[in-house]
Amino acid sequence: MSRVVGFIDLDAYYCACEVKQKPSLLAGKPLAVCMYETWKKSPDRSADMDRIVKSGGAGLIAVSYEARAMGVKRQMSANEARKACPELITVMVPTKNGKADLSLYKENGEKVVEILQEFAGIVEKRSVDEVALDVTDAAQKLLETTPKELVARQAVNVSHFADSEISLKASKISHEAARRGHEGQHEYTKNDDDEKNHLLKYSSFDYLLLAGAVVINNARKAVRERLGFSCSAGIAANKMIAKVGCGLHKPNQQTIVFPRSVAVLLKDLPLNRLPGLGGDLGNRISSQLNITTAGGLANISRSILLNAGFQDADNLLAAANGTLDEPVKNRANYKSFGSSKTFYKHPITNLTIADQWLSNFAQEIFDRIKNDRNQRNRAPTNVTISITTDKSHVTRTEKVHIGWSDSPQPIVRSAHRLLRRWAGTRTAHLDIVVLGLGVSNFIDLPANKASVMDLLTRNPLHQSKKPSSSAEIMQPSKKKRTIAELLYQQATTSTKKTTTVGKKDSSFFPSSNIDPEVFAQLPPEIKAELLDDRTRLLRQSAPSLGNSHLEQRQVKKKKKTATTTIDSFFAPRRPR
DNA sequence: CATGATGACGCT
DNA sequence: AGCGTCAT
C-alpha cells in the first residue's frame with residue numbers, strides 16, 4: 001500500500017542552536033560552528049560568550065545561510081572562512097572534560113522529535129537533525145475533514161513541486177554543492193510552474209500527498225514557532241524520494257514529489273546524490289558502468305549490473321527508479337550512544353591516560369543513560385570500546401549490568417577492562433589516535449522500580465506510596481522480564497559469587513531482600529525460567545580474555561568487492 | 001598552520 | 001562479536 005512520507009531536515013542546525021542560545025548577537029549574522037579553537041589542550045568552555053572565538057578553529061561543521069551567501073563553505077578551515085567573509089562569527093562547540101560536548105544539539109534535536117510526534121504516527125529519528133515521518137494516517141484524516149480542493153490549495157501555497165523548472169535545475173547540482181547549500185538557494189517564492197502544476201488533474205494519491213504536505217507544513221511551523229528552528233522537507237511516496245525532494249529547496253521550504261515527477265527528477269540527478277550511493281559503491285558504479293546520473297543507472301539492465309559484480313542489482317535499480325520503498329521505522333530514539341575523541345598528532349601513549357579518558361567518556365555516557373532511563377525505562381546491556389591507531393581499528397564489547405544503578409562505575413570498570421583486553425601486556429606506546437566508548441543493546445527495565453520491588457519484597461523501605469507513574473502506563477513492561485532483570489541485579493550485586501545453584505529456593509540469593517516465600521510460591525516452570533535467565537545473564541556478563549597481539553591487523557586501505565549493498569537505511573532487506 | 005563526533009546497519 | 005560502509 002502506498003504511504004505518504006515526509007522527510008525533515010533542520011536548516012544549518014548547529015548554527016540554529018547557537019542562534020537560539022544568543023539571538024541578540026547571532027540572529028541573521030554570517031555564522032559558522034567549529035569543533036575546537038585549537039587542537040592544544042585548553043580549558044573547557046560551556047558559556048555561550050566564551051565560545052565565540054576570533055581565531056583558530058579548524059574545519060567548519062556548520063555554516064549559516066548568511067555565511068554561505070558570502071562564500072563560506074563547510075569543510076573550510078575557520079581562517080580560510082574568515083578570509084572569505086571577514087564579518088563571519090565563529091562559534092566553537094561547547095567542551096566538557098576536555099572534549100566536544102554535543103548535548104546542546106542533541107537535546108534540542110530531541111525536542112524537535114517530540115513535536116514532530118504530534119503530527120505523525122510513525123517517526124524515525126535519523127540523525128541529530130533529520131527525521132522521517134510517515135504521515136499517511138494524518139493525511140487521510142485531513143482529507144476526511146477538509147474538502148480536497150482546499151487541501152490542495154493550501155499545499156500548493158506552501159510547497160515546491162519536483163518537476164518545476166527551479167526544482168529540476170536544483171536536481172542537477174553536484175552532490176558536494178548540494179550538501180553545502182548551492183547558490184540560488186533562498187526562501188520560498190511563488191512561481192508560475194507551481195501554479196501550472198496546480199491546474200493539472202490530481203489522482204486520489206496526489207491528493208493524499210498534498211494532504212501530507214499540509215501536515216508536514218504544520219509540523220514545520222510548530223517546530224519553528226515553539227523552538228525557533230527552521231527546517232526543510234520533502235513529501236513523497238517513499239522515504240528515499242522524500243529525502244531527495246527535501247534536498248531540492250532549502251532553507252525553510254518543502255517540496256512535493258508526485259509519482260509522475262519521479263522519473264524526471266531522477267533523470268539528471270547525480271548518482272551520488274542517491275542515498276547510499278554517495279560513497280565507494282556509487283563511485284564504483286559510476287566508473288565501471290560509465291554513468292553519472294540516477295537516470296543513467298536506471299537504464300542499465302539487471303543482467304549487466306550482475307555481470308559487473310553488483311549483486312544488489314535489484315535494489316540499485318529500485319533506487320535509480322525511485323521505487324525503493326523502505327518503510328519509515330517506528331523509532332524516535334537512539335539504539336546506542338557513545339562518546340569519543342580524536343587525538344590528532346598527540347596519540348594516547350599509555351594506559352593511565354587512556355583510563356582517564358575512558359572514565360570521562362563513561363561519566364558522560366552515564367549522564368545520558370540516566371536521562372534516557374527516566375524517560376523510557378530502559379538501560380543498555382553492552383559496553384563497547386573503540387580504538388583506532390595508525391595501523392588498526394578495533395572494537396571490543398562486553399556485557400554490563402546497569403539497571404537502576406546510580407553509579408557510572410560499572411561502565412568505567414568495563415571500559416578499563418576492555419582497554420586491557422585490547423592492549424594485552426603492553427602498557428606504553430599505545431598510540432591511540434581515536435578512543436571511543438559506547439553503550440547499546442537496551443533492555444526494558446521495571447517501569448517503576450519501587451512498584452516492582454513491592455511484588456517481591458517485604459521490605460517497607462521499598463513499598464511505593466505513589467500510584468504508578470505515567471511512564472509505567474505508557475510503557476508497561478513484561479512482568480517476566482522485569483523479574484528476571486531484578487533477579488539478575490540481585491545476583492550480580494551480591495557479595496558472594498554463587499557457583500552452584502542452591503538446593504533450596506530460599507538459599508538462592510544470599511544477600512537478597514527478595515522474599516523467599518514469594519519466590520517459593522511461584523509456579524515451578526516460572527521458577528525454572530527465572531533461574532535459567534539468571535544463569536544465562538551471569539554467563540553473558542563474564543568478561544572473556546583477549547589476546548591483543550593477535551588482534552593487531554593491518555588497516556586495509558582499500559576495500560573491496562562490489563558485493564556491498566546499498567545503504568541499509570534505504571534498502572529493504574533482501575529476501576532470504 | 002590545522003583537527004570531528006557520533007550513529008545505524010550489513011556482512012561474516 | 002567484530003569489521004566495514006555510509007551518513008550528517
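Below, read A as the first sequence line, B as the second, and so on, with proteins coming before strands; counting in each chain starts at 1.
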Item to complete: Choose from dC3(C), dT3(B), dG4(B) the nucleotide whose nearest atom is closest to any side-chain atom of Arg74(A).
Response: dG4(B)
Worksheet entry | Watson-Crick or G-U wobble mate for dG4(B), both contacts under 3.5 Å | none
Fill in: Whether Arg421(A) side chain and Thr397(A) backbone form a donor-acceptor pair below 3.5 Å
yes
Worksheet item: Glu124(A) CD to dG7(B) P: how many Å, rounded?
Response: 16 Å
Practice prompt. State the pairing partner of dG10(B); accept Watson-Crick or G-U wobble contacts with both distances under 3.5 Å, and report none otherwise.
Written response: dC3(C)
Discussion item. Quick check for you: among dG4(B), dC6(C), dT8(C), whose closest atom lies nearest to any side-chain atom of Thr342(A)?
Written reply: dG4(B)
Fill in: Out of dG2(C), dT8(C), dA5(B), whichever nucleotide has its closest atom nearest the side chain of Arg396(A)
dG2(C)
Practice prompt. Using atom CD of Glu80(A) as one end and atom P of dC1(B) as the other, report the distance to the nearest whole Å.
Written response: 9 Å
Fill in: Closest nucleotide among dT3(B), dA8(B), dC3(C) to the Tyr344(A) side chain
dT3(B)
Worksheet item: Taking Tyr36(A) for the side chain and Thr95(A) for the main chain, is one N or O donor matched with an acceptor at less than 3.5 Å?
Response: no
Worksheet item: Below 4.0 angstrom from OP1 or OP2 of dA5(B), is there any side-chain N or O of Tyr14(A)?
Response: no
Fill in: Leu102(A) CG to dA7(C) C1', straight-line distance once rounded to whole Å
15 Å
Discussion item. Quick one: does any side-chain atom of Thr388(A) pair with a main-chain N or O of Val433(A) as donor and acceptor, under 3.5 Å?
Written reply: no
Discussion item. Measure NZ/Lys329(A) against C1'/dC9(B) and give the value in whole Å, please.
Written reply: 9 Å
Practice prompt. Give a yes/no answer on whether the side chain of Arg126(A) brings an N or O atom under 4.0 Å of OP1 or OP2 in dT6(B).
Written response: no
Fill in: Spacing of Ile8(A) atom CD1 relative to dT8(C) atom C1', expressed in whole Å
17 Å
Worksheet entry | Sugar-phosphate only, base, or nothing, as touched by Lys99(A) at under 4.0 Å among non-hydrogen atoms | sugar-phosphate
Response to the item:
Regarding the side chain of Asn79(A), the nearest nucleotide among dC1(B), dG7(B), dG4(B) is dC1(B)
Worksheet item: Which is true for Ser77(A) with a 4.0 Å heavy-atom rule: it touches a base, it touches only sugar-phosphate, or it touches nothing?
Response: nothing
Worksheet item: Under 3.5 Å, is there a donor-acceptor pair between the side chain of Arg74(A) and the main chain of Val63(A)?
Response: no
Worksheet item: In this structure, which one of Thr255(A), Asp11(A), Asp9(A) forms a side-chain hydrogen bond (donor to acceptor under 3.5 Å, both in side chains) with Ser232(A)?
Response: Asp11(A)
Worksheet item: Rounded to whole angstroms, how far apart are CG on Leu437(A) and C1' on dG7(B)?
Response: 15 Å
Worksheet item: Are Ser339(A) and dT6(B) close enough that a side-chain N or O sits under 4.0 Å from OP1 or OP2?
Response: yes
Discussion item. Using a 4.0 Å heavy-atom cut-off, does Phe337(A) contact any base of the nucleic acid, only the sugar-phosphate backbone, or nothing at all?
Written reply: sugar-phosphate
Worksheet item: With sugar-phosphate meaning primed atoms plus P, OP1 and OP2, does Tyr334(A) contact a base, only sugar-phosphate, or nothing at under 4.0 Å between heavy atoms?
Response: sugar-phosphate
Fill in: Whichever of Lys345(A) and Ala100(A) has its nearest DNA chain B nucleotide further upstream toward 5'
Lys345(A)
Worksheet item: Considering heavy-atom distances to DNA chain B, does Glu364(A) or Glu37(A) have its closest nucleotide positioned more toward the 5' end?
Response: Glu37(A)
Worksheet item: Over how many whole Å does the gap from Glu130(A) atom CD to dT8(C) atom P extend?
Response: 6 Å
Fill in: Selection from dA1(C), dA2(B), dA5(B) that lies nearest to any side-chain heavy atom of Asn382(A)
dA1(C)
Discussion item. Looking at Asp372(A) and Arg368(A), is any side-chain nitrogen of the basic one under 4.0 Å from a carboxylate oxygen of the acidic one?
Written reply: no
Discussion item. Between Ser336(A) and dA8(B), is there a contact of a side-chain N or O with OP1 or OP2 at under 4.0 Å?
Written reply: yes
Item to complete: Compare side-chain N and O positions of Thr397(A) against OP1 and OP2 of dG2(C) and report whether any pair is under 4.0 Å apart.
Response: yes
Discussion item. So does Leu324(A) get a backbone contact from the side chain of Asn315(A), meaning a donor-acceptor N/O pair under 3.5 Å?
Written reply: no
Fill in: N or O in side chain of Lys335(A) less than 4.0 angstrom from dC9(B) OP1/OP2
yes
Discussion item. Please classify the nucleic acid contact of Gly59(A) as base, sugar-phosphate, or nothing, using heavy-atom distances under 4.0 Å.
Written reply: nothing
Fill in: OP1 or OP2 of dT6(B) under 4.0 Å from side-chain N/O of Lys106(A)
yes
Discussion item. In whole Å, I'd like the distance from the CZ atom of Arg273(A) to the C1' atom of dC6(C).
Written reply: 17 Å
